[in-house]
Amino acid sequence: MATLPLKAVTLTHVRYQKGDPLGHFLAWVSLVPVFISLGGFVSHFFFRRELQGMFFALGLIISQFINEFVKTSVEQARPETCALLETCDSHGWPSSHSQYMFFFAVYFTLLTCKGIGFWDTTNKWVVNFWPWSLAFFTMYSRVYLGYHTVAQVFAGAILGVFLGALWFWVVNSLLFPYFPVIEESAFGRMFYIKDTSHIPNVLKFEYDNARAARKNMASKSN
C-alpha cells in the first residue's frame, strides 16, 4: 500500500543547524508571531476584552489573509535551502513572519504615540524599542535560517508597515466613533466588551478603583 508524503505543521516547525547557538536563538525569535497571537491576543480577549486590542488582532488576521493572497498570486519560490527545510511546496514572497511583525510594530508604535495603552509613559521610545527590535530580529531570522531571501523579507516588512498604518487609520478615524455603539450593543454587554482608550493610565485607573471598591466593601461590612 502506497503511503502519502508527510507534511509538517509549519506554525511552530522551525529548523536550524545543529550546534549553532545563534540559529537556535533565531529559531525561537521566529516563533514570536505565534507567541503574540496565542499568548498575547487570546489572553487579551479572555482577560481584557478591549476594543483597541480586538481590532489590533483583527488587523493582523486581515494582513495574513492578504499575505496569502499575494503569495499565491506571485508564486515566487523560496530559496534553495527550502529542500532541507521541507518548505518548497509553499511560496516565499512576501514573508508572512516579516509582514506580521512590522504590522505589529507600526500599529503598536502608533497606539503608543497617540497615548493609548495600559500606562502613561513619557519615554515612549523605550516602549517602542521592543517591538521594532523583535521585528528586525524576526526578519533577519527568516533569512539566516534559510526560509526566505532578503528581497522576500523586505517585501513583507514594507507591506506590513503599509497595512499597519492603514489599518490604524481605519480603526481610529473611521471605526472609533462606533466604539460606544459596540459597547452598548447586546454583544458588547454579553461579553463585557469595553473601550478604555480615553483613559490616560488604565493600570492606575483600575488600581485606584479596585482599592476604592475594597474600602467601600470593608466600610459596609463594618
**Message:** Is the shortest side-chain heavy-atom distance between Q152 and V143 below 4.5 Å?
**Reply:** no
**Request:** Can you label the angle between the F35 ring and the W28 ring as parallel, tilted or perpendicular, going by 30° and 60°?
**Result:** parallel
**Request:** Kindly say whether F55 contributes a backbone atom to a donor-acceptor pair with the side chain of W167 at under 3.5 angstrom?
**Result:** yes
**Asked** Are the side chains of R15 and L145 in touch, meaning some heavy atoms are under 4.5 Å apart?
**Response** no
Only pairs under 3.5 Å count here: list side-chain donor-acceptor contacts from residues 132-140, not counting sequence neighbours, and write none if there are none.
{"from": "W132", "atom 1": "NE1", "to": "T109", "atom 2": "OG1", "distance (Å)": "2.7"}
{"from": "S133", "atom 1": "OG", "to": "F129", "atom 2": "O", "distance (Å)": "2.7"}
{"from": "T138", "atom 1": "OG1", "to": "L134", "atom 2": "O", "distance (Å)": "2.7"}

**Message:** Just verifying a value: how many Å separate W169 CH2 and L175 CG, rounded to the nearest 0.5 Å?
**Reply:** 9.5 Å
**Request:** Look up atom CD in Q52 and atom CG in L111, then write down how far apart they are to the nearest 0.5 Å.
**Result:** 5.5 Å
**Item:** Rounded distance (nearest 0.5 Å) linking atom NE2 of H97 with atom CG of L31
**Value:** 6.5 Å
**Item:** Gap separating the CG atom of N128 from the SG atom of C113, nearest 0.5 angstrom
**Value:** 5.5 Å
**Message:** Using only atom types and a distance under 3.5 Å, with no angle test, would you say the side chain of N67 pairs donor to acceptor with the backbone of P94?
**Reply:** yes
**Prompt:** Between the side chain of R49 and the main-chain N/O of F45, is any donor-acceptor distance below 3.5 Å?
**Reply:** yes
**Message:** Just so I know, are the side chains of W93 and V70 near enough to count as touching, which here means a heavy-atom distance under 4.5 Å?
**Reply:** yes
**Asked** Should the pair F103 and Y107 be assigned to parallel (<30°), tilted (30 to 60°) or perpendicular (>60°) ring geometry?
**Response** parallel
**Request:** Could you tell me which non-hydrogen atom of V153 sits nearest to which non-hydrogen atom of H148, and how far apart they are?
**Result:** CG1-CB, 3.7 Å
**Prompt:** Above 12 or not: heavy atoms from other molecules or residues under 6.0 Å from CD of E80?
**Reply:** no
**Request:** May I ask whether F187 and L51 are part of the same hydrophobic cluster, defined by side-chain heavy atoms of I, L, V, M, F, W, Y residues being less than 4.5 angstrom apart, directly or through others?
**Result:** yes
**Asked** Are Y178 and F168 in one and the same hydrophobic cluster, where Ile, Leu, Val, Met, Phe, Trp and Tyr link if side-chain heavy atoms are under 4.5 Å apart?
**Response** no
**Prompt:** If we only count heavy atoms from C-beta on, is the Q64 to E68 side-chain gap below 4.5 Å?
**Reply:** no
**Prompt:** How many angstroms lie between CE in M101 and OG in S30, if you round to the nearest 0.5 Å?
**Reply:** 10.5 Å
**Request:** Decide yes or no for F176 and S197: does some side-chain heavy atom of the first lie under 4.5 Å from some side-chain heavy atom of the second?
**Result:** yes
**Request:** Can you establish whether the number of heavy atoms outside Q17 located under 6.0 Å from its atom CD is more than 12?
**Result:** no
**Asked** For the hydrophobic clusters of this structure (ILVMFWY residues joined by side-chain heavy atoms under 4.5 Å, transitively), does one cluster hold both I158 and F104?
**Response** no
**Asked** Within a strict 4.5 Å, meaning less than it, do heavy atoms of the F205 and T196 side chains meet?
**Response** no
**Request:** Heavy atoms only: give me the nearest S173-P177 pair and the separation to one decimal.
**Result:** O-CD, 3.9 Å
**Value rounded to 0.5 Å, distance of OH in Y147 from CG in L26** = 12.0 Å
**Request:** Would you mind reporting whether F41 and I61 have side-chain heavy atoms less than 4.5 Å apart?
**Result:** no
**Request:** Please name the pair of heavy atoms, one in E183 and one in D195, separated by the smallest distance, quoted to 0.1 Å.
**Result:** OE2-N, 2.7 Å
**Asked** Between the side chains of H91 and R78, is a donor N or O closer than 3.5 angstrom to an acceptor N or O?
**Response** no
**Request:** Look at the side-chain heavy atoms of Ile, Leu, Val, Met, Phe, Trp and Tyr, link any pair under 4.5 Å apart, and say whether F179 and L174 land in one connected group.
**Result:** yes
**Asked** Would you say S63's side chain and G59's backbone share a donor-acceptor pair under 3.5 angstrom?
**Response** no
**Asked** In terms of ring plane angle, is the pair H24 and Y16 parallel, tilted or perpendicular, where the classes change at 30° and 60°?
**Response** parallel
**Fill in**
Hits for ring-ring contact (aromatic ring centres under 6.0 Å, His included) against F162, two or more places apart or cross-chain, chain-then-number order -> none
**Prompt:** Checking T72 side chain against F69 main chain: does a donor-acceptor pair fall under 3.5 Å?
**Reply:** yes
**Asked** What about I36 and I62, same hydrophobic cluster or not, with Ile/Leu/Val/Met/Phe/Trp/Tyr joined at side-chain heavy-atom distances under 4.5 Å?
**Response** yes
**Prompt:** Hey, does the side chain of S98 reach the backbone of G156 with a donor-acceptor pair shorter than 3.5 angstrom?
**Reply:** no
**Message:** Looking at S95, is its backbone amide N or carbonyl O close enough to the side chain of K71 to form a donor-acceptor pair, meaning the two atoms are under 3.5 Å apart?
**Reply:** no
**Message:** Is a donor from one side chain sitting under 3.5 angstrom from an acceptor on the other, for S37 and Y100?
**Reply:** yes
